[in-house]
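Okay, structure first, notes after.
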Amino acid sequence: MGYLHCCGALHKCRTFQLVPRENYVVSELDYLASCPVCGHTVVQLTRVNRDNQLSVVRKVNKKALEFFKKLKTEIFYEIKPSKETVPRGRFYLNYNEYGVKKKCYSNLSALKIGLTENKDFNSTKTL
């Protein structure tokens, strides 16, 4: 799933991988059926050639629909985001920092367990 810029914001859109033509290595087609703000249909074709030069073709509304229908036969597959979830539990670690009881949810490496606040500590020693 890609993002297209319309009405001053990025909107989620469908992304298709196209069969590359001629001297192009990668061809992707982004399709936004309707912008949530203005309702426009937006299609953007992004290609990279052998010299790593980027070319972008963008169409809106009626021309976008015609452009999408024209390129529909060249669609290789649709790029879908993976739905991997990170396992999260409800466990938290109680710890004591400077006499205040706190809860640590994730960052165990940043814990400072056992610290004590020394307000009356003098760094100079007299012998």
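On a predicted model such as this, the values are computed, not experimentally measured, just so you know.
- By the criterion of side-chain heavy atoms lying less than 4.5 angstrom apart, applied directly or through intervening Ile, Leu, Val, Met, Phe, Trp or Tyr residues, Leu45 is not grouped with Val26; the two fall into different hydrophobic clusters.
- At a threshold of 4.5 Å between non-hydrogen side-chain atoms, the residues Phe16 and Glu28 do not count as touching.
- Contact detail for Thr15 and Glu78: the closest heavy-atom pair is O-CG, 3.3 Å.
- Residues forming a side-chain contact (heavy atoms from CB on, under 4.5 Å) with Glu22 (at least two apart in sequence, or on another chain): Tyr24.
- When side chains are defined from C-beta on, Leu71 does not count as touching Val43, because their heavy atoms never get closer than 4.5 Å.
- No side-chain heavy atom of Val42 sits less than 4.5 Å from a side-chain heavy atom of His11.
- Note: the hydrophobic cluster containing Leu29 does not contain Val48 (ILVMFWY, side chain heavy atoms under 4.5 Å, direct or indirect links).
- Nearest heavy-atom pair, Cys38 versus Cys6, reported as atom, atom and distance to 0.1 Å: SG-SG, 3.8 Å.
- Legend: residues meeting side-chain contact (heavy atoms from CB on, under 4.5 Å) with Val56, ordered by chain and number and at least two apart, are Gln44, Thr46, Leu54.
- Residues Tyr31 and Thr41 meet the side-chain proximity criterion, which asks for heavy atoms closer than 4.5 Å.
- Side-chain atoms of Asn49 come within 3.5 Å of backbone N or O of Asp51 as a donor-acceptor pair.
- By the side-chain hydrogen bond (donor to acceptor under 3.5 Å, both in side chains) test, Gln17 is found to be paired with no residue, residues two or more places apart in sequence or in another chain being considered.
- Note: His5 NE2 to Cys13 SG = 12.5 Å, rounded to the nearest 0.5 Å.
- Annotation: the span from His40 atom NE2 to Leu4 atom CG amounts to 14.0 Å, rounded to 0.5 Å.
- The CG atom of Leu18 lies 6.0 Å from the CD1 atom of Ile75; values are rounded to the nearest 0.5 Å.
- Atom CZ of Arg21 and atom CZ of Arg47 lie 7.5 Å apart (nearest 0.5 Å).
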